[in-house]
2 protein chains.
Amino acid sequence: MLKLAILGFLYDRPLHGYQLRRHLAALTGHVRPISDGTLYPAIKRLEADGLLVRETEPGTAAAPRHTLHLTGAGRTALLDQLREPEPLDISDENRWFTLLAFLRQLDDPAAQAVVLRRRLAFLAEPASFFYDGDRPLGAEEFADPFRRGLLLIARATSEAELAWLHATLAELEGALTD
Amino acid sequence: MLKLAILGFLYDRPLHGYQLRRHLAALTGHVRPISDGTLYPAIKRLEADGLLVRETEPGTAAAPRHTLHLTGAGRTALLDQLREPEPLDISDENRWFTLLAFLRQLDDPAAQAVVLRRRLAFLAEPASFFYDGDRPLGAEEFADPFRRGLLLIARATSEAELAWLHATLAELEGALTD
DNA sequence: CCGTGATACCTCGATTGCGAGGTATGGTCT
DNA sequence: AGACCATACCTCGCAATCGAGGTATCACGG
């Protein structure tokens with residue numbers, strides 16, 4: 001997840017760790033900045049895998065800045081992850097939204113394929129939540145306002161996404177048949 | 001997260017591990033069942049902490065079933081986590097939704113306090129996402145349909161939740177002033 | 001001139017989670 | 001009889017993440 005996001009941001013332009021942290025904070029909702037203890041080891045992992053290189057700028061600011069650049073392997077790794085041939089797990093919202101943030105890096109047919117897979121996984125999703133014994137409960141059966149809230153919010157999100165999926169697929173269809 | 005969910009489900013009734021797994025799968029969206037390698041160690045942790053006890057039913061089925069019961073400490077631990085005095089981090093959706101699923105176990109004033117804190121955190125959330133250099137970008141500035149989608153979906157979710165928050169607070173207010 | 005906060009980076013231990021493997025039993029289908 | 005699946009539980013090692021700590025430099029206000 002973090003790996004995907006780091007590669008995605010660096011694809012646009014080289015950044016140093018601190019800028020990267022700000023970008024990541026924005027992506028995750030502006031509230032939970034990825035902690036340093038998560039970010040810097042992740043950068044090291046990517047460096048060890050040869051997906052990025054650091055260029056040290058001495059004397060620029062207080063601490064020695066390390067500007068991070070994607071390597072060719074890094075760019076390939078990002079595009080591979082975006083294309084992701086396996087079916088897209090709907091319950092992994094974080095992964096999907098991160099993917100969405102960088103999907104424009106793919107060409108139209110590849111992006112379309114990803115969006116189509118998402119719609120497929122989406123439509124296959126069973127709508128039930130919670131059980132009474134072994135019987136799944138429908139949304140209307142909840143006396144509990146909190147669980148009802150959970151379902152209402154989940155539904156609103158689903159509907160918004162489905163609407164967007166359709167609009168975007170139509171748009172891509174248009175672009176591809178021109 | 002898992003801990004909260006396990007305590008929450010066992011609060012209603014004792015279950016054995018397999019049933020628990022089904023409940024958890026439903027909560028996480030019916031698609032990504034918590035893996036065994038996650039669930040059973042989590043149960044052991046809770047047992048070691050004295051929050052639950054297992055009662056073995058021999059000969060019931062194929063394998064020896066362990067019916068899991070919350071202890072008094074387990075019930076207290078759940079209620080404490082639900083009350084959670086620290087401000088509720090909005091970006092941690094999973095935690096919030098799990099909490100919501102079991103919030104009815106609190107009495108009305110305590111639940112109201114939690115919902116109020118959520119609304120507070122919610123209204124304090126800055127609406128911007130992504131940067132161009134150091135300048136945060138508004139929703140309308142995106143030529144990229146994928147990032148626009150991200151924002152559209154996030155907004156729909158926010159609005160649905162805010163509407164629910166208001167409705168529920170009004171409801172609780174009514175119940176408390178009667 | 002001293003404290004505070006922002007910038008910038010790093011490490012360590014502990015926890016959490018996953019995937020892949022394993023062990024059984026009992027029922028159903030062929 | 002054999003294959004196969006669902007039930008039911010378990011362990012191991014690996015990877016990711018967090019939280020709390022640390023080290024600097026520079027800018028600004030009092």
Side-chain angles (χ1 to χ4, degrees), chain A residues 1-7 14-25 27-28 31-49 51-68 81 86 89 91-92 94-95 98 131 133-134, chain B residues 1-7 14-25 27-29 31-49 51-68 77 81 86 89 91-92 94-95 98 131 133-134:
Chain A
M1 210 80 324
L2 225 198
K3 180 182 169 185
L4 178 60
I6 292 174
L7 293 176
L15 297 167
H16 48 261
Y18 215 72
Q19 292 176 309
L20 201 46
R21 201 174 69 173
R22 289 230 304 288
H23 281 80
L24 288 167
L27 181 62
T28 57
V31 173
R32 164 190 286 249
I34 290 297
S35 74
D36 282 4
T38 305
L39 175 60
Y40 288 103
I43 290 172
K44 292 220 154 178
R45 278 198 297 274
L46 293 171
E47 206 183 353
D49 291 346
L51 305 184
L52 61 84
V53 289
R54 67 178 64 202
E55 190 192 341
T56 306
E57 298 166 31
T60 315
R65 289 182 171 201
H66 304 297
T67 304
L68 308 170
Q81 289 214 29
E86 315 101 70
D89 180 352
S91 73
D92 198 344
N94 278 350
R95 176 156 191 87
T98 308
Y131 291 99
D134 277 351
Chain B
M1 210 78 323
L2 227 197
K3 179 182 169 183
L4 178 59
I6 292 174
L7 293 176
L15 297 167
H16 48 262
Y18 215 71
Q19 292 176 309
L20 201 46
R21 200 174 69 173
R22 289 231 302 288
H23 281 80
L24 288 167
L27 182 61
T28 58
V31 172
R32 166 190 286 250
I34 289 296
S35 74
D36 282 5
T38 304
L39 175 60
Y40 288 103
I43 290 172
K44 292 221 154 177
R45 279 199 296 276
L46 293 171
E47 206 183 351
D49 292 345
L51 304 184
L52 61 84
V53 288
R54 67 178 64 202
E55 189 191 344
T56 306
E57 298 167 31
T60 314
R65 289 182 171 200
H66 305 296
T67 304
L68 309 170
Q81 289 213 28
E86 316 99 69
D89 180 352
S91 72
D92 197 345
N94 277 351
R95 176 154 191 87
T98 307
Y131 291 98
D134 278 350

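In what follows, every heavy atom counts, from backbone to side chain, and hydrogens, waters and symmetry copies are set aside. Naming: A, B, ... by sequence-line order, numbering from 1 per chain.
Closest approach of His66(B) and His16(B) over heavy atoms only: O-CB, 3.0 Å. Across all non-hydrogen atoms, the minimal contact from Pro41(A) to Gly37(A) is CG-O, 3.1 Å.
Distance CD (Glu47(A)) to P (dC9(C)): 12 Å, rounded to an integer number of Å. In this structure, Ile6(A) places its CD1 atom 12 Å from C1' of dT17(D), rounding to the nearest Å. Regarding Arg95(A), its CZ atom lies at a distance of 16 Å from the C1' atom of dG17(C), rounded to whole Å. One atom, CG of Leu4(A), and another, P of dT17(D), lie 11 Å apart when rounded to the nearest Å. The separation between Ile43(A) atom CD1 and dC10(C) atom C1' is 11 Å, rounded to whole Å. Between the CG atom of Leu39(A) and the P atom of dT7(C) there is a distance of 15 Å, rounded to whole Å. As a whole-Å value, the separation of Arg22(B) CZ from dT7(D) C1' is 10 Å.
Residue Gly37(A) is classed as a base contact, given a heavy-atom separation below 4.0 Å to a base. Nucleic acid contact for Arg54(A): sugar-phosphate only, since backbone atoms but no base atoms lie under 4.0 Å from a heavy atom of the residue.
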Atom pairs, N/O to N/O, protein against nucleotides 14-16 of chain D, distance under 3.5 Å?
unit_1: dA16(D); atom_1: OP2; unit_2: Arg45(A); atom_2: NE; d: 3.1

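Distances were taken from every side-chain heavy atom of Tyr18(A) (C-beta onward) to each of dC9(C), dC18(D), dC10(C); the shortest belongs to dC9(C). Of the candidates dA8(C), dA8(D), dC10(D), the closest approach to any side-chain atom of Lys44(B) belongs to dC10(D). Out of dC18(D), dA8(C), dG19(C), the shortest distance to the side chain of His16(A) is found at dA8(C). The nucleotide whose nearest atom lies closest to any side-chain atom of Tyr40(A) is, among dC18(D), dA8(C), dA8(D), dA8(C).
The residue from Leu46(A), Ile34(A), Leu68(A) that alone fulfils the side chain to side chain contact (heavy atoms under 4.5 Å, CB included) condition with Ile6(A) is Leu46(A).
Checked by distance alone, Asp36(B) brings a side-chain donor or acceptor within 3.5 Å of a matching partner on the base of dC9(D).
For the atom pair Arg22(A) CZ and Tyr18(A) OH, the distance stands at 8.0 Å (nearest 0.5 Å). Here CG of Leu2(B) is found 10.0 Å from CG of Leu7(B). Values are rounded to the nearest 0.5 Å.
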Query - Full working for side chain to side chain contact (heavy atoms under 4.5 Å, CB included) between His23(A) and Leu27(A) - result: CA-CA 6 Å; His23(A) 281 80; Leu27(A) 181 62; over 6 Å; no
Query raised in the report: Given Arg21(A) and Asp36(A), is the side chain to side chain contact (heavy atoms under 4.5 Å, CB included) satisfied, shown in steps?
Result: CA-CA 8 Å; Arg21(A) 201 174 69 173; Asp36(A) 282 4; 2.6 Å; yes
